[in-house]
Amino acid sequence: MWNYFKLVVLGLITVFAAIAANYARDLAYQVHAIIVMLTAGGVFLWTVRQTDEPRKPAGAEYLDGVIRAGVTATVFWGIAGFLVGVFIASQLAFPSLNYEWLQGYGNFGRLRPLHTSAVIFAFGGNALIATSFYVVQRTSAVRLWGGNLAWFVFWGYQLFIVLAATGYLLGATQSKEYAEPEWYVDWWLTIVWVAYLAVFLGTIYKRKEPHIYVANWFYLSFIVTIAMLHVINNISLPVSLFGSKSVQVFSGVQDAMVQWWYGHNAVGFFLTAGFLGMMYYFVPKQAERPVYSYKLSIVHFWALIFLYIWAGPHHLHYTALPDWATTLGMVFSVILWMPSWGGMINGLMTLSGAWDKLRTDPVIRMMVISIGFYGMSTFEGPMMSIRAVNSLSHYTDWTIGHVHSGALGWNGMITFGALYFLTPKLWSKERLYSLRLVNWHFWLATIGIILYAASMWVTGIMEGLMWREVDANGFLVNSFADTVAAKFPMYVVRATGGALYLTGALIMAYNLWMTVRRAPAIAEGPAVAPAE
């Protein structure tokens, strides 16, 4: 009966998408309608083929197929996002790379949101979904709730990524940082995200282990808060049901306030809380040591969750936003330094008694340096939120260096460590194909991050100082073009650092592929092991 209901829904979606493609008012909407039509039609045909097939009842074993797909998608989207990042960094150094024959589709303005969304939401989002599904099963000792709903979350999220990415290239964007997809893409992501929340909460609800491990608290806070942020920041009215253009409900300074409430908490909950869930599970597992202080992890969680949500206004110093609001954001940002470093200390001290592993295990070395970058970024961020520092740093490349030291160093390296941990487990292999390749990846990525961040710190501070330099009569000494010319050498260094980071990711992809194909297999473990 359920299959017949699905067929009706998929058939209606296919027909309506075909009608929408026919009446589309712009190219992006038409392309998206065709993608939805082909996707729904393909799933319709696949469902028809499965209708009379005898269905194998779900066993008690963990649902790891969707996690394996998530690991594969994480590696694929990561390389795609890093590649676009290296290209647009090269475009800034060498503007001739904005090729005219691409008719605007490959210029910096369209590729930049493609890069940020690919790295944050495609690479990072798939990593969070895959690891959260792995962790919640292992710490609850039950299979994922909802049957194939987890597969809907995975494939639905991939469709969101494709719609968002093609929309950027075709010029469909809300022009909101980290929230560029247009209204219908936002609606689809909301449906997928509610399903994600249902799977995660349902698994926790039916757990066999009475205790909810701290990593699950961080994952849950990330899922719930991102849902709230996404819905409120994307309240808009479509101009037409057959066009991609929409009008924001918020306007002016209110829109800016809501946008940076969303924007900073996308960093706070998507790129921090979610990845802390990753840290609290995979670092103890790889180090084979318990979390240093479970009490500290609880204090870290509640302090971070309460404080982070207030920090967004510090992005709007010296704007039309009232001073009291930006001061509030600044104060909460500075206070955030304490719980953030509490989490860093907890992660690092988990290696107590196992520090010798840093010499022999490049995976734990990767995880440890990610925690180090987390600590550095969560010190630099509060410092840059202070109004006097912000007057120099804002709108300069210093901000770019800060963001990438956190994204590449913290988010990237902890994800790489988790992928190296997961792949042998999920494909029942004794070990990784090559630890030597992991070591190469570690050093290429680390050197790449240092080149990237250091070059942006240098050019950012130089840029800020050049902008505020005045002569004896109070006139600006440097034009904007002067600052662009002065930054050229550091832009080349940045592109070089990004290329090294991309090379490390390619080595990782090869290593994981060879692990699946060539590494010695182990016997299957128990269907559902005791909670970890």
Side-chain angles (χ1 to χ4, degrees), residues 26-32 35 73-126 158-182 185-186 189 244-245 259 263 266-267 270-271 395-397 399-404 406-408 411-412 448-449 451-453 455-456 459-460 484 487-488 490-503 505-506:
D26 57 79
L27 179 61
Y29 187 91
Q30 186 174 53
V31 170
H32 287 165
I35 291 173
T74 301
V75 175
F76 172 80
W77 290 118
I79 290 173
F82 303 152
L83 180 62
V84 176
V86 172
F87 183 67
I88 62 174
S90 302
Q91 284 182 319
L92 288 175
F94 306 100
S96 59
L97 293 176
N98 287 272
Y99 299 117
E100 292 183 11
W101 57 268
L102 288 174
Q103 302 297 316
Y105 296 121
N107 64 27
F108 180 86
R110 293 191 180 185
L111 290 179
R112 190 266 177 182
L114 179 68
H115 162 64
T116 54
S117 289
V119 173
I120 297 172
F121 298 114
F123 171 66
N126 274 294
Q158 306 316 304
L159 178 59
F160 155 71
I161 292 167
V162 171
L163 292 176
T166 52
Y168 303 151
L169 294 177
L170 295 169
T173 172
Q174 293 184 126
S175 301
K176 293 170 77 74
E177 184 77 341
Y178 310 135
E180 285 95 345
E182 273 290 2
V185 184
D186 289 332
L189 178 59
S244 61
K245 182 63 181 171
Q259 160 58 29
V267 174
F270 202 99
L271 296 177
Y395 309 115
T396 73
D397 288 332
T399 303
I400 312 302
H402 164 64
V403 168
H404 282 78
L408 302 180
N411 302 120
I449 297 166
L451 289 177
Y452 193 117
S455 63
M456 291 299 96
T459 193
V484 173
K487 293 188 296 182
F488 172 74
M490 292 297 101
Y491 274 23
V492 174
V493 173
R494 168 170 66 175
T496 303
L500 291 176
Y501 197 85
L502 171 63
T503 304
L506 290 169

N/O donor-acceptor pair under 3.5 Å between [X] side chain and [Y] backbone:
| X | Y | value |
| --- | --- | --- |
| Thr459 | Met456 | no |
| Gln91 | Gly106 | yes |
| His32 | Leu163 | yes |
| Gln174 | Ala179 | yes |

Test ring-ring contact (aromatic ring centres under 6.0 Å, His included) applied to Phe94 and Phe488, step by step: CA-CA 9 Å; Phe94 306 100; Phe488 172 74; 5.7 Å; yes

I need the minimum non-hydrogen distance between [X] and [Y], along with the two atoms involved.
| X | Y | result |
| --- | --- | --- |
| Ser455 | Leu451 | OG-O, 2.9 Å |
| Glu182 | Ala172 | CG-C, 4.2 Å |
| Pro113 | Glu180 | CB-OE2, 3.6 Å |
| Ala165 | Leu114 | CB-CD1, 3.4 Å |
| Ala499 | Val86 | N-CG2, 3.7 Å |
| Asn126 | Gln158 | OD1-NE2, 2.7 Å |

Arg112 and Glu177 ion-paired at < 4.0 Å: yes

Check ion pair Lys487-Asp397 (N to O, under 4.0 angstrom): yes

Looking at [atom1] of [X] and [atom2] of [Y], how far apart are the two atoms once the value is rounded to the nearest 0.5 Å?
| X | Y | atom1 | atom2 | answer |
| --- | --- | --- | --- | --- |
| Ile88 | Asn107 | CD1 | CG | 11.0 Å |
| Ser117 | Tyr178 | OG | OH | 9.5 Å |
| Leu408 | Ile449 | CG | CD1 | 5.5 Å |
| Ile79 | Leu506 | CD1 | CG | 5.0 Å |

In terms of the angle between their ring planes, are His404 and Tyr452 parallel, tilted or perpendicular, with boundaries placed at 30° and 60°? parallel

Of Tyr501, Phe76, Phe87, which meets ring pair (Phe, Tyr, Trp, His ring centres under 6.0 Å) against Phe82? Tyr501

Can you find a pair of side-chain heavy atoms, one from Tyr168 and one from Pro181, that are under 4.5 Å apart? yes

Residue that, paired with Ile161, satisfies side-chain contact (heavy atoms from CB on, under 4.5 Å) out of Phe121, Phe123, Trp77: Trp77

